[in-house]
Amino acid sequence: SSAGGSVVIGTISGSSISFGATTQITSSGFGHYAVEYDENNNKFIVFWRDSSNSSYATAAVGTISGTSVTMGTSVVFNSEYSREFSPVYDTTINRVVVAYGQIGGTSSERARVQVVSISGTIPSFTTANYFYSGSTANHHAVWDSHNNKMIIVGAGGVSDDSFAVVATPSTSGVTFGSPTNFESGIQNHAVIAFDPVVNKVLVVYKDTNNSGYGTLAVGTVSGTSISFTTPVVWNSSAQVYNPCIAYNTDASRFVIGYR
């Protein structure tokens with residue numbers, strides 16, 4: 001896309017929200033974007049695929065003052081076609097960690113994971129680590145604050161099954177356990193969230209092997225491994241598209257959005 005990207009600060013009051021002035025991040029090529037807050041630096045990082053620059057992976061640091069934002073200089077951190085950015089904040093090393101897909105280079109598509117450090121308003125990145133030797137897609141990640149692990153879901157490998165993998169970041173890179181399948185075949189739009197009450201993750205997805213119904217599975221992390229319950233259908237009235245998930249700490253419940 002030739003469209004640019006912008007950021008705006010919202011302030012919630014009761015059940016309403018108000019916004020400050022819009023700040024432009026880039027004037028063109030803004031796609032597959034994601035944002036994560038860095039608690040240690042009190043800043044946020046925006047990641048995107050810059051289609052105006054060969055679709056390279058790009059990032060910039062934002063600083064909030066009241067309802068205004070200033071953006072630092074954009075940095076390219078992967079000079080290959082990149083997409084599906086999914087960052088988390090690691091509370092043990094006080095760093096943002098980002099998972100994403102690369103197309104081209106050493107394989108058709110590989111999931112890369114990198115740790116981000118901030119110096120002033122400039123992000124720097126560790127060397128990328130990979131958890132699959134073959135191609136993968138549809139990546140989404142969450143931070144498990146009980147086990148201090150990053151859990152990544154995606155699809156790929158030898159049989160194109162849908163999987164989850166447990167990642168352990170450090171300030172110098174990321175190591176991984178063995179991927180575990182939660183469903184056979186590529187399941188579209190898989191997303192994951194963490195429940196801090198029962199210390200488990202919930203994966204929500206469109207089951208392409210079952211009429212596109214909305215389906216979920218509960219995952220339990222043990223060390224660097226993860227196991228899943230039998231998948232359960234939560235919407236069998238029609239196909240679901242683009243599910244998203246969040247955990248409501250007040251109600252101790254998940255909220256699922258979809259179309």
Side-chain angles (χ1 to χ4, degrees), residues 1-12 17-107 109-130 137 139-143 150 152 167 169-174:
S1 170
S2 61
S6 299
V7 62
V8 64
I9 301 301
T11 303
I12 297 173
I17 185 169
S18 59
F19 294 94
T22 299
T23 299
Q24 188 173 67
I25 301 171
T26 180
S27 60
S28 63
F30 192 71
H32 284 246
Y33 46 86
V35 63
E36 185 65 34
Y37 180 64
D38 184 324
E39 298 176 14
N40 186 57
N41 290 285
N42 195 28
K43 299 179 186 296
F44 63 89
I45 309 175
V46 182
F47 305 88
W48 71 94
R49 181 186 74 190
D50 188 352
S51 61
S52 66
N53 185 29
S54 302
S55 292
Y56 289 168
T58 308
V61 173
T63 304
I64 299 172
S65 177
T67 59
S68 300
V69 176
T70 55
M71 299 298 302
T73 303
S74 300
V75 172
V76 172
F77 62 96
N78 183 36
S79 298
E80 295 285 353
Y81 187 106
S82 304
R83 66 177 191 174
E84 297 173 350
F85 300 97
S86 187
V88 302
Y89 183 74
D90 183 331
T91 55
T92 61
I93 61 172
N94 294 320
R95 300 282 195 282
V96 171
V97 186
V98 62
Y100 62 99
Q102 168 187 303
I103 300 177
T106 56
S107 68
E109 180 166 5
R110 297 182 71 179
R112 298 165 60 94
V113 185
Q114 292 176 261
V115 180
V116 191
S117 299
I118 295 176
S119 177
T121 60
I122 303 298
S124 60
F125 294 78
T126 59
T127 300
N129 297 108
Y130 307 86
H139 314 108
H140 193 254
V142 73
W143 178 249
M150 179 183 188
I152 307 166
S170 70
T171 56
S172 59
V174 185

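Position 1 is the first residue of the sequence; numbering continues from there. Side-chain atoms are counted along with the backbone in the values below, which use heavy atoms only and exclude waters and symmetry mates. The structure displayed is predicted, hence computed values, not measured ones.
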Ring geometry between Phe30 and Trp48 (parallel below 30°, tilted from 30 to 60°, perpendicular above 60°): tilted
Sub-4.5 Å side-chain heavy-atom contact between Val97 and Val113: yes
Side-chain heavy-atom pair Ile45, Val35 within 4.5 angstrom cut-off: no
Validation row: Pro87, Phe47 side chains within 4.5 angstrom (heavy atoms): yes
Close side-chain approach of Val7 to Val46, heavy-atom, < 4.5 Å: no
Main-chain N/O of Gly173 paired to Ser170 side chain as donor or acceptor, under 3.5 Å: yes
Any donor-acceptor N/O pair, Ser82 side chain to Glu80 backbone, under 3.5 Å: yes
Tyr56 backbone acceptor or donor facing Ser54 side chain under 3.5 Å: no
Smallest separation among heavy atoms of His139 and Ala111, with atom names: NE2-CB, 3.4 Å
Nearest-0.5 Å distance that lies between atom CD1 in Ile9 and atom CD1 in Ile64: 3.5 Å
CG-CG distance between Asn40 and Asp90, expressed to the nearest 0.5 angstrom: 11.5 Å
Steps toward side-chain contact (heavy atoms from CB on, under 4.5 Å) verdict (Phe44, Glu36): CA-CA 6 Å; Phe44 63 89; Glu36 185 65 34; over 6 Å; no
Under 3.5 Å side-chain donor-acceptor pair for Tyr81 and Arg49: yes
Which residues share a ring pair (Phe, Tyr, Trp, His ring centres under 6.0 Å) with Phe85, sequence neighbours left out: Tyr100
Contact summary for Ile152 and Ala141, nearest pair of heavy atoms: CG1-CB, 4.1 Å
Closest approach of Glu84 to Ala137 (non-hydrogen atoms, all atoms of both residues): OE1-C, 3.7 Å
Neighbour count >12 (heavy atoms, 6.0 Å) for atom CD1, Ile12: no
Test side-chain contact (heavy atoms from CB on, under 4.5 Å) applied to Thr11 and Ile17, step by step: CA-CA 5 Å; Thr11 303; Ile17 185 169; 5.8 Å; no
Considering all heavy atoms, the nearest Val75-Pro123 contact: CG2-CD, 3.8 Å
Value rounded to 0.5 Å, distance of CD in Gln114 from OG in Ser124: 10.5 Å
Any donor-acceptor N or O pair under 3.5 Å, side chains Asn94, Glu39: no
Validation row: Val69, Thr63 side chains within 4.5 angstrom (heavy atoms): no
Side-chain heavy-atom pair Thr23, Thr70 within 4.5 angstrom cut-off: no
Contact summary for Val61 and Lys43, nearest pair of heavy atoms: CG1-CD, 3.6 Å
Exercise: do Ser117 and Arg95 side chains pair donor with acceptor under 3.5 Å: yes
Pairwise distance OG1(Thr121) to CE(Met71) - rounded to 0.5 angstrom: 9.5 Å
Residue Tyr33 excluded, over 12 heavy atoms near OH under 6.0 Å: no
Side-chain touch Asn78/Gln102, heavy atoms, less than 4.5 angstrom: yes
Heavy-atom side-chain contact between Ile93 and Val115 under 4.5 Å: yes
Donor on one side chain, acceptor on other, Asn53 and Asp50, under 3.5 Å: no
Ser74 versus Thr58, closest heavy-atom pair with distance: CB-CG2, 3.9 Å
